[in-house]
Amino acid sequence: MSTRLLSVRDLGITFLTDDGEIEVLRDVSFELNSGEVLGIVGESGCGKSMTALALIGLIPKPFGRISNGRILLEGEDLAVASEKRLRQVRGNDISMVFQEPMTSLNPVFTVGHQISETLRAHFDMSSRETWSRAIEMLKLVGIPSPEKRANEYPHQLSGGMRQRVMIAIALVCEPKLLIADEPTTALDVTVQAEILQLFRELQEKTGTAIILITHDIGVVAEMADRVMVMYAGKVVETGTARDFVYDPMHPYTHGLISCVPKLVHNPSYDPAPLLEIPGVVPSLRELKRTGCPFAPRCKNEIDKCRSAEPSLAEIADDHAVACWNRMETAW
Amino acid sequence: MILRRIVYAFVLLLAVLVMNFALIHLAPGDPVETLVGEMGGATPEFIEQMRAAYGLDQPFYIQLATYLGRVAQGDFGFSLYFNRPVLELMFHRIGPTILLVVTAVLIALTLGTFLGVLAAQRRNSWLSHLVTVFSLVGYSTPVFWVGIMLILVFSVALPIFPIAGMYQSDTSATGLAFLLEVLHHLILPAMTLALIYLAFYTRLSRASMIDVLDSDYVRTARAKGLKNYLVIYKHALRNAILPVVTFAGLQFGQVLSGAVLVETVFGWPGLGTLAYDSILRRDTPTLLAILFFSASLVIVVNMVTDIVYRYIDPRMRAEQ
């Protein structure tokens, strides 16, 4: 019943730096069906946000460029689309909610204006129509007295409210795909829950596919149908959300999940020891091209890991891992 | 809020009056001696007589009180040199000065912002580097020198523009023709006065625009699918212009003092030349009136800037 919406094949992105061109994204491939929620997980600097920006053609120019691969949105390759065509896609077919609600809205325009402007960019509508649509959107994202709020400026709203406005902007053109890049990271925990709840409601209501980028494992487990784990610009594991939580195969995925602090560890309520993955994400500049990029931090490392790079291999239906010595038993 | 600003403005003006008056009295030179010197000499009795007639024999504080009292009634006295009411003298000079200053500020603001925005968009291009060099040169070149060079190039070597004045002294042009003639005379002095501020606003708006272009809300604007010109000239510029407006208001006083030099170089019949001549002639009442008028103008412009700022930045409105 669900149709293929997005198909990313072998996507590679390079950045021009003082040390020459470096690859920030390599061989990233994934599929997304309409109405599906895909979580992209990984530490900072692993290429999650760059993947998202590539989808809407906003890789920082002039230094970054798509060096390889295809981004097929309903069959159309966005990797080679013209700037004009990408502009039509942005905000209309694919829209995006960013991490920082405090700074992502323009301080000198009313929120109503910023919502209705998006509509005007894509449809031939009168300003009265777009304004009333903006108010409907504010109501939809749960902002009280939307008629009044529409005339207010971002600084008059709280962080949670602003993120709701960002979501309203992102959804006003009824996009096929919504990319949410760490949408709740900057918010209070209680507000986070509200925003996630809102995402879920709106997703059920509109059927929009969502790519949820986060480093919060809990959020992924809660929201996503499928999960893609990235490390050093590469996909290291993909699978269903269930596989991700209960049957992680890649030592990195395993590590990420072990790092989530447990509130309750044992009956005496001693705090559980905090776990970490030793080491840091390698700088892409220093990354050696031989071997698995995760090997220096990996507890399962074998000789082969240093000499050859593993590629993504299907180990079960809809579950693929890039590892020479994957976890045998999950827990 | 506005009322408090107006009260402050009045206090400030009073301070300006007292300071100017005191400074001029501290300065060396005696107006009566300058005056009789130009007449070709006089007896000591006549000089004393003149002093008494102008009230210059009174102690300083009496002179100050008398002066303040008269100013409060709108009486700026008579020019010692022309023996005509100061206000009447100034009346014909204000128009040309305002024309010159406003034109220069408009050129500097619009062209400067435009160049800055252009340079910010391609921050490593040759255009961007050219703008940086141009603004450094413009910023460090003295106004009078620029004026003289422009005259040498565009009036002497290539006689495109007139050397001096606001119109031909024997002009018979009226209406539109007269307007064009004034415009023709205006170009060189206005460009001269504008240059230094043009350089400054270019640098300022370039820096401000570079900051804003990296901001999250500009990324949001792009992610919405807005056309590039809307992203740049609506979303980015509306924010980048804020510091430019602030500085334009603050620097208005400097532009006014720059006008004194430019008017002198170009023989522009404005307040600047009158001020310059009045200094040489020790024409104290005229000088005081001009200083008072310029100070008022600066204060008014600053208030207007505040109001404009409130209009373009909603965050300022909230703080009221």
Side-chain angles (χ1 to χ4, degrees), chain A residues 49 52-53 55-63 83-111 113-123 151-156 162 165-166 169-170 172-173 175 178-179 181 186, chain B residues 113 117-129 205 208-246 305-320:
Chain A
S49 297
L53 290 176
L55 296 184
I56 56 172
L58 284 183
I59 298 169
K61 280 172 197 157
F63 304 109
E83 177 56 30
K84 187 174 172 228
R85 175 65 192 136
L86 283 172
R87 210 175 56 229
Q88 292 166 350
V89 170
R90 271 180 225 141
N92 189 18
D93 296 315
I94 304 179
S95 59
M96 194 153 171
V97 173
F98 297 99
Q99 179 172 358
E100 284 297 333
M102 303 311 275
T103 52
S104 289
L105 290 166
N106 195 321
V108 303
F109 299 109
T110 62
V111 296
H113 179 91
Q114 296 188 55
I115 301 173
S116 52
E117 174 189 55
T118 315
L119 273 175
R120 269 203 304 282
H122 297 286
F123 301 101
N151 282 306
E152 291 189 347
Y153 291 90
H155 70 266
Q156 292 165 286
R162 290 190 212 185
V165 172
M166 282 301 294
I169 290 174
V172 68
C173 293
L178 172 68
I179 304 170
D181 188 358
Chain B
T113 308
V117 169
L118 222 55
Q121 284 183 71
R122 288 178 220 97
R123 62 188 85 164
N124 288 308
S125 64
W126 61 267
L127 178 81
S128 190
H129 295 309
S205 58
S208 170
M209 195 71 182
I210 283 176
D211 271 359
V212 170
L213 283 177
D214 279 340
S215 71
D216 290 342
Y217 54 81
V218 165
R219 187 182 54 183
T220 305
R222 290 197 196 283
K224 282 174 173 181
L226 296 187
K227 291 201 170 72
N228 192 48
Y229 75 88
L230 281 177
V231 175
I232 301 290
Y233 290 100
K234 183 179 167 188
H235 280 262
L237 187 57
R238 253 310 277 283
N239 286 280
I241 199 93
L242 297 174
V244 179
V245 169
T246 311
T305 310
D306 262 20
I307 292 166
V308 169
Y309 204 90
R310 247 164 252 278
Y311 173 73
I312 57 178
D313 189 350
R315 285 164 295 187
M316 298 300 286
R317 267 176 263 167
E319 279 168 25
Q320 274 189 8

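Letters A, B, ... mirror the listed sequences (proteins, then strands); counts begin at 1. If you're wondering where the values come from, they're calculated on a predicted model, not measured in any experiment.
- When all heavy atoms are compared, the tightest approach of B:Pro314 to A:Pro107 is CG-O, 3.3 Å.
- Looking at A:Leu58, only its side chain comes within 4.5 Å of chain B, counting heavy atoms on both sides.
- Considering OH of A:Tyr153 and CG of B:Asp313, their distance stands at 9.5 Å, rounded to 0.5 Å.
- Distance check, rounded to the nearest 0.5 Å: NZ of B:Lys234 to CG of A:Asn106 gives 8.5 Å.
- Of the listed residues (A:Met166, A:Gln99, A:His122, A:Met102), the one with the most heavy-atom contacts under 4.5 Å to chain B is A:His122.
- Comparing B:Val212, B:Ile312, B:Thr220 by heavy-atom pairs within less than 4.5 Å of chain A, the highest count is held by B:Thr220.
- Atom NZ of B:Lys227 sits about 8.5 Å away from atom NZ of A:Lys84, to the nearest 0.5 Å.
- Within the 4.5 Å cutoff, the side chain of B:His235 has heavy atoms near those of the A:Glu117 side chain.
- Contact annotation: the side chain of A:Gln114 approaches that of B:Lys224 to within less than 4.5 Å [non-hydrogen atoms, C-beta and beyond].
- Atom CZ of A:Phe123 is surrounded by more than 12 heavy atoms from other residues, nucleotides or ligands within 6.0 Å.
- Considering all non-hydrogen atoms of both residues, B:Gly225 and A:Ala121 come closest at O-CB, 4.0 Å.
- Atoms CD1 and CZ, from A:Ile56 and B:Arg219 in turn, are 8.5 Å apart once rounded to the nearest 0.5 Å.
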